[in-house]
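The structure appears below as C-alpha cells.
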Amino acid sequence: MNNSKYLFPRDFRWGAATAAYQIEGAWNEDGKGESIWDRFSHTPGKIAGAHTGDVACNHYHRSSEDVGLMRELGIGNYRFSISWPRVLPTGKGHPNEKGIDFYERLIDDLLESGIEPFVTLYHWDLPQTLQDTGGWLNRDVGHYFADYSAAMVKRFGDRVKFWTTINEPWVVAHLGFRTGEMAPGIQDEKTCLQVLHNLLLAHGRAVVAIRAADSSAQCGIVNILFPEEPATNTSEDIDAAEFAWQKDCAWIMDPLFKATYPAIWDSMGDKVPDVRAGDLSLIAQQLDFFGVNYYFRCIMSATSGRILEIPGAQYTDMGWEVHAPGIRNLLTRITEDYRLPPLYITENGAAYKDELSGDGRIHDTQRIKYIRDHLIEIHQAMVQGADVRGYFYWSLMDNFEWAHGFDKRFGLIHVDYETLHRKLKDSAHWYSRVIRRNGLDEVLSLKQPMVV
Ligand code: IFM
C-alpha cells in the first residue's frame, strides 16, 4: 500500500451495491409472490409520499442496461440481492423458473462483463406467506431460509462464489420489530430481540446448508455498525457509549464471533430472547468474510441519550452526520475485539439532493468528498491492521429508500423516476477513476474535471 497516495492493494475489490426490492420493480410479474415489503408499502401511511417498490428503477426489465453502465465505469464487483419471493413465491416448495431466469441472465451478464457477483440472500423482502406464519419471530422460518439458500447455491454456485446470508440483522430486528418504521411494522422490544436471535440462527443454518451444497462457497454476513462515542469524557458518558455499543453492535458480533451474548444480557430483564442448547454454536459458524456497512457514528450522553445535533457537523439528506473517521474507529475496534475473517465494506454512501444542472450534468461534489474522505480513513485503518479486501459504494443507482420512498438519492447513477432514464453523476465518473487508479492520489483531488 502506498500511504501518501492512498493506493490500495492490487487485488482490492471495488464495487457498488443494490438490493432487490429497492431497484427491481415488477413486484407481481412472472409469478413472483408477495413480500412483506409489498404488503407494507401498499399499506397507507407507511411510506413517505405513498411510494412503493412496484416499479422502482424497473431493473427487472433493464438489468442489461445497468450492467452495461457498470462495465463502462469499470466497476468490477456488484453486490445485489435475490428476492426470495421471486424465486420461491411462497418461501418454500417449487421454484418459480421465470424468477430464476432473471437472476440467471443477470449473473451471466455480469460475468460476461468481467464483474464478480456478490449475492445477498436476504435483504428484507420476506415472502408474505412466511410472515403469515409468524415471520422471523417463528424459529422455523430459519429452516426455510436455509433450504432457499441451498437451492440458490445449487442453481448459481457454478458462477457465484460470494454469498451473504442476511443484510443488516440489526435493522431487520430494530426497525422492523421495535420502532416499526420498516416492514412488518411491529413495535415491541422483546419481540425485536427474539427476532434478532432467530435471524442469527437462520444465518448459521444457512451457512451450514450453503457449504453442504457447495463446499467452495465463500460465506459471510453483513451488518451495519455504529461506532459509539461519549459526548464528554466523564465516566458516565463513557459508560453510556459503551453500553450502546454492547447493545447494538456486540449484541450481534459476540454471538457471531464468540458464540456468546455480551454481559449486558443480565441487565435486559425479561426482554432477553429464548436461546436453546446448541443455538450459539450454530450461529458462530466460521465465516469466509464479514461485511461492514457504515453510515454514521452515535454520540451518547448519560443524561440525554443520543445527541442528534452536533455543533459544526455536516449532515446528508438522511439527516445523518458525515463523519469519515468513524469508519476507521469502527474497523480498528472490531479488529481488536474479535478474530475476524477478511472484511469488506459492503455499504457506505450518502444521500444528497442531486439536481440536474444547466450543463446537463449532476455535480454531486459533496458525494465525491464523502467517498474520498471515507476511502482515506479505510486506507488508514488498513495501515493500522484492519484486513479490508474491498469497498462497495451504496448505491449503484438512486432507488427506493424504504420508508423514505424515492426522495433520498444515494446513487452514483441518477434515475429519473418519470422516464426511468439513467444518468451518470459526476461521482460515478470520479469513482471510475478511483477504480482505474486503484485508489486516490493527487490527480484525483476534487478540483480535477470529473468526466472520465
Ligand atoms: O438503503 C439502505 C440499504 O438497503 C441497507 N443499508 C442502508 C441503506 C441506506 O439507508
Side-chain angles (χ1 to χ4, degrees), residues 15-25 35-38 40-41 46-49 51-53 56-57 59 78-84 118-126 164-176 179 181-184 196 199 203 220-227 248-249 252 290-298 315-323 326-327 330 344-354 364 366-367 370-371 374 391-415 417 427:
T18 63
Y21 188 72
Q22 296 180 270
I23 64 166
E24 284 181 4
S35 79
I36 55 171
W37 268 95
D38 294 316
F40 194 69
S41 71
K46 298 295 185 192
I47 312 290
H51 295 169
T52 73
C57 307
H59 173 75
Y78 177 46
R79 175 175 178 249
F80 64 96
S81 74
I82 292 180
S83 159
W84 185 353
F118 276 66
V119 174
T120 303
L121 289 156
Y122 187 70
H123 200 126
W124 310 354
D125 42 358
L126 187 75
T164 290
T165 54
I166 294 174
N167 182 67
E168 298 178 348
W170 186 91
V171 175
V172 177
H174 283 265
L175 305 192
T179 69
E181 66 204 78
M182 291 205 173
L196 199 42
L199 285 165
H203 153 79
I221 187 169
V222 165
N223 202 23
I224 191 164
L225 294 169
F226 322 97
D248 290 328
C249 299
I252 292 172
F290 179 64
V292 173
N293 293 356
Y294 171 74
Y295 289 93
F296 51 82
R297 67 172 167 174
C298 296
Y315 294 89
T316 69
D317 196 31
M318 294 294 285
W320 296 345
E321 186 203 5
V322 178
H323 185 69
I327 199 163
L330 183 61
Y344 288 93
I345 306 304
T346 34
E347 288 182 28
N348 172 238
Y352 289 112
K353 290 200 188 310
D354 303 316
D364 56 338
Q366 283 174 294
R367 180 170 293 104
Y370 179 100
I371 304 174
H374 284 78
Y391 175 86
F392 292 78
Y393 178 76
W394 182 271
S395 176
L396 175 68
M397 62 182 105
D398 294 339
N399 60 47
F400 178 82
E401 178 52 26
W402 308 110
H404 299 275
F406 292 103
D407 292 340
K408 308 294 179 201
R409 294 180 175 273
F410 278 89
L412 296 169
I413 300 172
H414 181 272
V415 177
Y417 293 113
S427 58

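Counting convention: from 1, in listed order, for ligands and their atoms alike.
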Check: Exactly which residues line ligand 1, taking a heavy atom under 4.0 Å from it as the test?
Finding: Gln22, His123, Trp124, Asn167, Glu168, Tyr295, Trp320, Glu347, Trp394, Glu401, Trp402, Phe410
Next item on the list: Output all residues satisfying side chain to side chain contact (heavy atoms under 4.5 Å, CB included) with Ala403, sequence neighbours left out; order by chain, then residue number.
Entry: none
Item checked: Residues Tyr21 and Ser81: side-chain donor-acceptor under 3.5 angstrom -> no
Notebook entry, point to check: Would you say Tyr344's side chain and Val222's backbone share a donor-acceptor pair under 3.5 angstrom?
Noted result: no
Note to self: Restricting to salt bridge (Lys or Arg N to Asp or Glu O under 4.0 Å), what partner residues turn up for Asp364, sequence neighbours left out?
What the structure shows: Arg367
Check: Do Trp170 and Asp248 pass the side chain to side chain donor-acceptor pair (under 3.5 Å) test, and can you show the C-alpha distance, the side-chain angles, and the key distance before you say yes or no?
Finding: CA-CA 7 Å; Trp170 186 91; Asp248 290 328; 3.0 Å; yes
Item checked: salt bridge (Lys or Arg N to Asp or Glu O under 4.0 Å) involving Lys408 - partner list, sequence neighbours excluded -> Asp317
